[in-house]
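One structure below.
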Amino acid sequence: MTITKIIEGEFFNLTFDHKKIIKGWYLILTKEGDEYLVQRNYSFSSNWPRNIYQVEQSLKEKIISEEDYQKFLPNPRNKNLGVILGIALAPLGKFLPRHWFIGDAVDVHDMWRGLLNVLLLIMAYSVSMFFLFAYRKIVMEKKVGKLHYIGKVKAKTPLKILKKGKGFW
């Protein structure tokens, strides 16, 4: 049996050090004053149900206001740093044996080896994301205390409206 409860409130990003936004979490503050932490592990737009927790201590002082949100965004000058590093370090790839990473060269007709490489990539990504989500939860529990699992939450309205009018869930 599924029990549905509607939680109405505003959502906020959080910060603990007043320097950067906490990734993977946002706070819902209801009209009654209740606070709920929502675990948002994926940054792409989707309206999937997410885990919701209730916290023991108040997080109102950790909220990032709309006015302060812009100063927490990354510096646009650092935006292309990864591309520049990739171009600069690409020649070093000649010296690394490629078969260490993806196996022997995949023959055009060797579909099974290619499929195995793709499956290994998906599995490695899934395992690393599992550990990242667990790590984020452990860090959050260290900062705010015990998290009490309430259930799943699904937004009725988008978190943000983008420039072209599309909703970001």
Side-chain angles (χ1 to χ4, degrees), residues 1-86 88-89 101 119-169:
M1 181 171 151
T2 303
I3 299 172
T4 303
K5 178 182 175 186
I6 296 175
I7 300 173
E8 291 186 26
E10 294 182 74
F11 67 91
F12 298 96
N13 287 308
L14 298 170
T15 181
F16 286 117
D17 59 1
H18 299 290
K19 294 179 184 172
K20 62 181 180 177
I21 296 173
I22 297 173
K23 294 185 180 196
W25 297 91
Y26 64 88
L27 180 76
I28 295 178
L29 188 60
T30 65
K31 295 174 185 173
E32 294 83 26
D34 294 330
E35 298 177 11
Y36 298 98
L37 269 176
V38 177
Q39 190 175 20
R40 181 185 171 86
N41 288 319
Y42 300 105
S43 62
F44 53 85
S45 180
S46 67
N47 197 14
W48 294 345
R50 292 171 170 63
N51 293 335
I52 185 168
Y53 301 92
Q54 198 156 26
V55 293
E56 294 175 346
Q57 71 180 37
S58 177
L59 297 173
K60 289 180 184 174
E61 65 277 357
K62 309 292 185 196
I63 289 175
I64 299 173
S65 66
E66 282 292 324
E67 301 85 38
D68 294 339
Y69 182 76
Q70 292 301 322
K71 76 176 185 178
F72 287 97
L73 294 177
N75 189 346
R77 287 185 288 165
N78 297 337
K79 191 175 184 180
N80 296 324
L81 185 61
V83 174
I84 294 168
L85 281 173
L89 298 176
F101 301 108
L119 290 176
L120 287 174
L121 177 69
I122 291 170
M123 190 172 69
Y125 177 78
S126 300
V127 169
S128 64
M129 287 297 105
F130 172 78
F131 283 116
L132 175 67
F133 303 158
Y135 172 76
R136 283 181 176 172
K137 187 175 176 190
I138 290 168
V139 168
M140 185 58 78
E141 284 183 336
K142 283 183 181 177
K143 302 240 183 202
V144 301
K146 181 92 171 112
L147 297 175
H148 301 286
Y149 180 74
I150 303 292
K152 300 273 187 185
V153 66
K154 191 171 181 179
K156 292 225 175 223
T157 59
L159 295 174
K160 185 175 13 174
I161 303 294
L162 302 175
K163 290 179 183 177
K164 294 186 178 183
K166 291 181 94 177
F168 182 82
W169 296 87

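Scope of the values below: all heavy atoms of this structure, side chains included, with no hydrogens, waters or symmetry mates.
Rounding to the nearest 0.5 angstrom, the gap separating the NZ atom in Lys143 from the CD atom in Gln57 is 11.0 Å. Here the straight-line distance linking atom NZ of Lys146 with atom CD of Glu141 works out to 5.5 Å at 0.5 Å rounding. Put simply, NE2 on His148 and CD1 on Ile52 are 13.5 Å apart, with the number rounded to the nearest 0.5 Å. Interatomic distance, Glu61 CD to Phe16 CZ, rounded to the nearest 0.5 Å: 9.0 Å.
Within the 4.5 Å cutoff, the side chain of Lys152 has heavy atoms near those of the Asn51 side chain. Looking only at side-chain heavy atoms (C-beta outward), Leu59 and Phe12 stay at 4.5 Å or farther from each other. Annotation: side chain of Met123 is in contact with side chain of Leu120 (closest heavy-atom distance under 4.5 Å). Looking at heavy atoms from C-beta onward, Ile22 lies in side-chain contact with Met140 at the 4.5 angstrom threshold. Residues Phe133 and Lys137 fail the side-chain proximity criterion, which asks for heavy atoms closer than 4.5 Å.
Not a single side-chain hydrogen bond (donor to acceptor under 3.5 Å, both in side chains) links Lys60 to another residue, sequence neighbours left out.
Atom CZ of Phe131 has 12 or fewer heavy atoms from other residues, nucleotides or ligands within 6.0 Å.
Scanning both residues, Trp25 and Arg136, for their nearest heavy atoms gives NE1-O, 3.7 Å.
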